[in-house]
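Below is one structure, written out as structure tokens, with a few remarks after it.
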There are 2 protein chains.
Amino acid sequence: MTTNRRRAATIPDVAREAGVSRSTASRALADYGSVSPDARERVRAAAEKLGYRANQLARSMITGRTHTLGVVIADIQNPFFAGVTRGITDAAHTAGYQVLLANTDEDLGAERAAVKTLCDKHVDGLVVAPASTTEVGHLAALVEGVCPVVLLDRHAPSLPTDAVTVDNQGASADAVRRLIAAGHRRIALVTLVGSEPDGGADGGAEHGAGARTGEAASGPFPISTGVERVAGYRAALRAAGIEDTDAYLRVGTFHRQDPAVLTEELLSLPEPPTAVFATDSMIALGVLSAVNARGLRVPEDISVVAFDDAEWTRVVRPRLSVVAQPVQELGAEAVRALLTRIERGARPPRHITLDTTFITRDSVAPPR
Amino acid sequence: MTTNRRRAATIPDVAREAGVSRSTASRALADYGSVSPDARERVRAAAEKLGYRANQLARSMITGRTHTLGVVIADIQNPFFAGVTRGITDAAHTAGYQVLLANTDEDLGAERAAVKTLCDKHVDGLVVAPASTTEVGHLAALVEGVCPVVLLDRHAPSLPTDAVTVDNQGASADAVRRLIAAGHRRIALVTLVGSEPDGGADGGAEHGAGARTGEAASGPFPISTGVERVAGYRAALRAAGIEDTDAYLRVGTFHRQDPAVLTEELLSLPEPPTAVFATDSMIALGVLSAVNARGLRVPEDISVVAFDDAEWTRVVRPRLSVVAQPVQELGAEAVRALLTRIERGARPPRHITLDTTFITRDSVAPPR
DNA sequence: CTGAAAGCGCTAACAT
DNA sequence: ATGTTAGCGCTTTCAG
């Protein structure tokens, strides 16, 4: 029934079949310029008959647009990024774009490599959750007109481009304030930061924030999210008259420290915290596992609050009270910003802030 | 310091700088044919100096290879697929390939569209977790030499290509057998299938499996995973002398039914099940929420077992006993199979089966 | 080992 | 409105 065809049909084939020139065929198919209704119909029919599919590669080479977006995140297995990525792909597909995915595990080297590879693939734009918000030289180079970039989840002040985040400081302060309102004074914060700054020449903003951790983290925080959440935590503590805001602050490094261990350290303090705030759901998993391992009960023995409304937080007993981020919307908004930047070209950087919601469940109680 | 450059450096630029012809420059850069060490070095230096980056689009147009793989899955927010995707991207990147991502939500139409778009983008191969294992006409067309496809998680017998799965039937039977060993007789299975067959002309294999659900699911199961897990469930039940294997079988449709509601129905039966088997972690979430809503305790009042070792299953109390699938390995293995197919061309279909592990935790107890 | 020339499939000026 | 011509950046025969 079907005709043999070794080679896919091309524009010349369609043009011949329709009895028009290649340009007319091209115009009719790509829907630009002016074509007579008659010719247009003949071309459409011929294309249909031959099963013509445009060679996007060739088209991209001419137009300079691939209708492909690059997404560079820490880890697709982290529910936050999975949600964000879902939002990104949905928004992208709706707009006729495909999505190229890369994981960095918060490693700056991996991020640089990913960005380079994706650019080589001629993505029309990049959504990046940067491993560092100060070491952004590799991104700065792109922002200068090479390839639009939009930052997601994290804001790099030195980078003149859009960023889509939540109000981390406010959300964090709010969460801590709720713990304080419940009567807590010894409130811990457990967080993880990306790779250490590698000392490259990177005219970036300053983020001094020493953390009293066991050994590491003497340098600056590389990720704005962490900085801001810690800032909110400190602010709320200070506002409550708690002077030593860093007594229960634990900042680990993504690859080198396990949040469970950090928590274990906290719990073995002479005066252990009565509440723990985890800055994401993966960290919360570690916190809970340390709490469980020690036989402590939530919330009777210790209160727990976390960032990110992961599905499991509704199923654990007690159900976890969380700071919910609009994950899919973050992704969708980032794509929207990126597309505007792609279509309208350079424009003043916008920082879009989406609202979080504190979801009160059962993991907070007054300290004993 | 840096020179102004509006236009990216091209091969002619490098050739000129190195004082050789374009062909020689191309050979040196792409590392093929023969080039004198001297010329090769001069070209490398020139490329370095000009910051030359090959135009992958142009290269792909000639070579016919894009070093891009397409991944078509149900939902990246499902931890199973997130893990699989992580395995895929890692393996792909290691081999020098990028990954284009598409979600289908188990919708056949979305899958067809995704496959078409990805092919138009000239991916070198496709990893697909098909929404249906019988309606695979759109994939069959590709397998005929157009674009290598490897099936993931699900096996379509009618499709002459590789599939990477676990032994679903065996794993399922094993899990049910453990429930039986604990003394259960009224064991429920809650599962979800993709979109209904659309009656297209698709010479596929037959999968008859009626399910006693409230309203839907009178047709065949479209997904092999579901079929096999149900088969294992039935086999184990029958082997234990339980005749009516479908009394507690609940098969919902992905978009139209909520596992929590299905479970709620089961629990309100005159003789409710004493154990529930959920065929993935998302379904388990629904099952648990229904169980919790009814105030039942696990495992005292009801035992629960699920497929997929999601992170949260270790944190809930009681910790959930699960059938763990090697998620990342599934993805990595699929890429490996795909790459062999891409490099070595057509070959007899292989069905690769990876081992599952039953992880005994605390959600199973004898019935009261 | 190297260079000249052809051409992948398509779009975009420029004529007509 | 349509056809002619050029050319995107690269690889690849084919001569030399």
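Proteins get letters first, then strands, A, B, ... in listed order; numbering begins at 1 in each. Only heavy atoms go into these numbers, but all of them, side chains included; no hydrogens, no water, no symmetry mates. From a predicted model like this one, the values you see are computed outputs, not experimental measurements.
- Within 6.0 Å of CD in B:Glu48 there are 12 or fewer heavy atoms belonging to other residues, nucleotides or ligands.
- The nearest whole Å value for the distance from the CZ atom in B:Arg65 to the P atom in D:dT11 is 14 Å.
- As judged by a 4.0 angstrom heavy-atom cut-off over every strand, A:Ser26 is placed among the base-contacting residues.
- Candidate nucleotides D:dT11, D:dT13, D:dA6 were compared by shortest atom distance to the side chain of A:Arg22, and D:dA6 ranks first.
- Along DNA chain C, the nucleotide closest to A:Thr63 and the one closest to B:Val20 are compared, and the more 5′ of them pairs with B:Val20.
- For the pair B:Asp124 (side chain) and B:His67 (backbone), a donor-acceptor distance under 3.5 Å is present.
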Problem - Intermediate values then yes/no, salt bridge (Lys or Arg N to Asp or Glu O under 4.0 Å), A:Asp38 and A:Arg42 - result: CA-CA 6 Å; A:Asp38 172 49; A:Arg42 296 222 311 287; 2.9 Å; yes

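- Between A:Ser34 and D:dA1 there is a side-chain N or O to OP1 or OP2 distance below 4.0 Å.
- At distances below 3.5 Å, at least one donor-acceptor pair connects side-chain atoms of B:Ser60 with backbone N or O atoms of B:Gln56.
- Side-chain atoms of B:Arg341 do not come within 3.5 Å of backbone N or O of B:Val149 as any donor-acceptor pair.
- Electrostatic pairing of A:Asp90 and A:Arg86 counts as a salt bridge here, judged by a charged N lying under 4.0 Å from a carboxylate O.
- If you measure from atom CZ of A:Arg27 to atom C1' of D:dA1, you get 8 Å, rounded to the nearest angstrom.
- Contact between the side-chain N/O atoms of B:Arg59 and the OP1/OP2 oxygens of D:dC10 is not found at any separation under 4.0 Å.
- Between A:Asp120 atom CG and D:dG9 atom C1' the separation is 14 Å, expressed in whole Å.
- For the pair B:Tyr52 and D:dC10, the criterion of a side-chain N or O lying under 4.0 Å from OP1 or OP2 is met.
- When rounded to the nearest whole Å, the span between CD of A:Gln56 and C1' of D:dC8 equals 16 Å.
- For B:Thr10, no side-chain nitrogen or oxygen approaches OP1 or OP2 of D:dC8 to under 4.0 Å.
- Looking at B:Arg336 and B:Glu333, a side-chain N of the basic residue comes within less than 4.0 Å of a carboxylate O on the acidic one, giving a salt bridge.
- For the pair A:Ser23 and D:dG3, the criterion of a side-chain N or O lying under 4.0 Å from OP1 or OP2 is not met.
- For the pair B:Leu29 and A:Pro37, both in contact range of DNA chain D, the more 5′-proximal nearest nucleotide belongs to A:Pro37.
- Between its two ends, the helix from C:dC1-D:dG16 to C:dT16-D:dA1 turns its axis by 30°, counting five pairs per end and rounding to 10 degrees.
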Practice task
Step by step, work out the side chain to side chain donor-acceptor pair (under 3.5 Å) result for A:His155 and A:Thr133.
Solution key: CA-CA 6 Å; A:His155 184 208; A:Thr133 44; over 6 Å; no

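- Panel note: side chain B:Asp75, backbone B:Gln77; a donor-acceptor pair is recorded below 3.5 Å.
- If you walk DNA chain C from 5' to 3' and mark each nucleotide with an atom closer than 4.0 Å to a heavy atom of chain B, the marks span C:dC1 to C:dG9.
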Handout entry: salt bridge (Lys or Arg N to Asp or Glu O under 4.0 Å) evaluation trace for A:Asp162 with A:Arg347
Key = CA-CA 9 Å; A:Asp162 303 330; A:Arg347 54 210 316 262; 5.0 Å; no

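- Rounding to whole angstrom units, CD1 of residue A:Ile11 and C1' of D:dT4 are separated by 15 Å.
- As rounded to whole Å, 14 Å separates atom P of D:dG3 from atom CZ of A:Arg16.
- In this structure, B:Ile62 places its CD1 atom 13 Å from C1' of D:dG7, rounding to the nearest Å.
- For D:dG3, the OP1/OP2 oxygens have a side-chain nitrogen or oxygen of A:Ser21 closer than 4.0 Å.
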